[in-house]
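Each remark here refers to the structure printed beneath this line.
Each chain gets a letter, A, B and so on, in the order the sequences are listed, and its residues count up from 1.
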Amino acid sequence: MVSLAAEGYNPANFIQDIINEDKQTGRHDGRVHTRFPPEPNGYLHIGHAKSICLNFGSAAFNGGLCNLRFDDTNPTKEEDEYVEAIKADVRWLGFDWDDRLFHASDYFDQLYEWAIKLIDKGKAYVDDLSPDEIREQRGTLTEPGKESPYRNRSVEENLDLFRRMKAGEFPDGARVLRAKIDMASGNINLRDPVLYRILHAEHHRAGSKWCIYPMYDYAHPLSDAIEGITHSICTLEFEDHRPLYNWLTEQVEVPDRPQQIEFARLNLTNTLTSKRGLRRLVQEGYVGGWDDPRMPTLSGVRRRGYPPEAIRSFCGEVGVAKTNSLVSFAQLEHSVREFLNRTAPRMMAVLRPLKVTLTNYPEGQTEEFEVENNPEDPAAGTRPVPFSRTLYIEQEDFMEEPPPKYFRLAPGREVRLKGTYFIKCQEVVKDPATGQVVELRCTYDPETRGGEAPDGRKVKATIHWVSAAHAGDATVRLYDNLFLTENPAEGGDFIANLNPKSLETLTGCKVEPGVAGAAPGSRYQFLRHGYFCIDPDSTPETLVFNRTATLRDTWAKVSGK
RNA sequence: UGGGGCGUAGCCAAGUGGUAAGGCACGGGACUUUGGAUCCUGCAUUCGUUGGUUCGAAUCCAACCGCCCCAGCCA
């Protein structure tokens, strides 16, 4: 039985190979315990989804557990607003941490005790050098660093100074606690890395209890150890930190040392996946907020209408490896369409209305047709759709001078109105001032009721429609890539790569009456258009729809549009 | 010029000495009351390069080339 969390998890990856081997050799007593460790300094994005699916998915797949842990070691950057949003996003994606919600800040006391232990062992020291001096003495990529003059202080003096750091006797930046490892190491992370810094700042959870805070490199491996994590999965840029990770768990002598494993983060074409960059888009007003449907944040794609199931299967499909990669956005859209095609109820919506009068249809008459809700899923049933003399069809479904291979309506041409009758265009009414086509006067063939002609004649197109008197009004937001370039972060300023046409808002759209009253978040397929999702901005009078994704459009290819 | 990684199709990615999975994209055809979906079908004589080992190499060895990451008291 595969749990929901493991659904979509693709075990064909090198991390699963490691887990398999560990289970076989009995490492970690055969346990698998992972964690997803976000810093609450921004909103989760699609890149985090890959990590969430990997951590929760691999744990579930292997009969293990996955914790949610907030890596809140820097009080100057972290806020409660973010922790709540992150929890909501992880839940929405479909994962559950049960009672295993943790914070690195839960461990500050233990972490402090272990720092004392390191000092006692002569493995850590208080350094009085300024940040600039430490940087200067760290050396360069090719030159070794210099040892600090404070490196060989006595254990007693270090203990005293560290306690006084904690007691608040020194200002920010005055001193730090450093690990004593190797200033000549080729790995810069091993050149006596800073373990604790002084920060007189209010912590979102710990309040003002502390004025010294552990660095990520110190807190992370030890938090993993405290939680009994077996496989600590992180991204490639931390590969260089692994020796330090191992050094720390060895020095504090924890019983079952966790192992860090690195994989390549997700990059998507035409999208920005850096918290810093996304924050800038929000703060400088390039988008409407973290949940703007153009944002790759989980809150953004949710509002856009992406189903969590689609994101999970996408994460399984792209796999997990160590190669830096840039996944095509089309791959994500494929997963979204694949899920929505199976599940989204169909609806007819006319985005750019063109009035059609059926001249031979009795005035004042209304018929109801039962139309299938989803041809992919007969169990979805049918819905009644009202039909009358005056209708709207899509402007682009008529051409006065149709090019070859255009099968839709044209003067004298017959097409099928989805689910109802064949209609034939008899007359084109134009605005005398502008020459714009404002109305089509057509006849319908009563013999074709239901959409088939008894005489066997065929029609080359079926178009969607909506009854003018019954239709609801809607605003429709059409979204396109936020960025014009494949890799917006590459080179200079990504702001220059912003797509000025990433949002087009259509008003006066006409939708089937059946959608009235639907809740925000409801997803539909608008026939021949794509998938749409009701936005919370909707009012009782006017629904607002966000386009999730278009349908594949082979006519666009043929016509070269 | 130090350290750590990575190179399999346009994009992802399996493959772990026995003769290149799969998905996306793309092309062709069938079917179609969504120009959707579905269904067939095509798409790497070759795995960064060059040598070597072997009956046999994407897999082992060597050298070279290319790309990514690291010099926060950020994570």
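Put simply, Y216(A) does not rest on the base of rA75(B): the two rings are not both less than 5.5 Å apart at their centres and under 30° in tilt.
Within the nucleic acid shown, H529(A) has no heavy atom closer than 4.0 Å to any nucleic acid atom. Contacts of V176(A) with the nucleic acid, taken as non-hydrogen atoms under 4.0 Å apart, include base atoms.
At a threshold of 4.0 Å, the pair D224(A)-R69(A) counts as salt-bridged, since one of the basic side-chain nitrogens sits closer than that to a carboxylate oxygen. A salt bridge does not link E394(A) to R528(A): none of the charged side-chain nitrogens sits closer than 4.0 Å to a carboxylate oxygen. R242(A) and E262(A) are joined by a salt bridge, as a carboxylate oxygen and a charged side-chain nitrogen come within less than 4.0 angstrom of each other.
What separates CG of D17(A) from P of rA14(B) is a distance of 9 Å, to the nearest Å. Distance L44(A) CG to rA75(B) P: 17 Å, rounded to the nearest Å. Rounded to an integer number of Å, the gap from CD1 of I188(A) to P of rC69(B) is 14 Å. Rounded to a whole Å, the CG atom of L551(A) is 4 Å from the C1' atom of rG36(B). We find that CD of E237(A) is positioned 11 Å from P of rA71(B), with the value rounded to whole Å. Atom pair F263(A):CZ and rC68(B):C1' shows a separation of 16 Å (rounding to whole Å applied). For the pair L190(A) CG and rG2(B) P, the interatomic distance rounds to 18 Å; values are reported in whole Å.
Note: F545(A) and F526(A) meet the aromatic proximity criterion, with ring centroids under 6.0 Å apart.
For rU38(B), the base has no donor-acceptor partner in the side chain of E376(A) [N/O atoms by modelled type, under 3.5 angstrom]. Within 3.5 Å, no donor on the side chain of E262(A) pairs with an acceptor on the base of rG5(B), nor the reverse. The base of rG3(B) lies close enough to the side chain of D240(A) for a donor and an acceptor atom to sit less than 3.5 Å apart.
One C1' atom belongs to rA14(B), the other to rA20(B), and the distance between them is 10 Å to the nearest Å. Comparing the same atom, P, in rG42(B) and in rC68(B) gives a spacing of 38 Å after rounding to whole Å. Taking atom P on both rA62(B) and rA9(B), the two are 24 Å apart, rounded to the nearest angstrom.
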### Query
Going through the checks in order, is the salt bridge (charged side-chain N to carboxylate O under 4.0 Å, His left out) test met by E237(A) and R265(A)?
CA-CA 9 Å; E237(A) 67 270 28; R265(A) 66 171 347 117; 3.1 Å; yes

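Residue T554(A) places its side chain closer to rG35(B) than to any other of rC11(B), rG35(B), rA37(B).
Considering only side-chain N and O atoms, R552(A) lies nowhere under 4.0 angstrom from the phosphate OP1 or OP2 of rG35(B).
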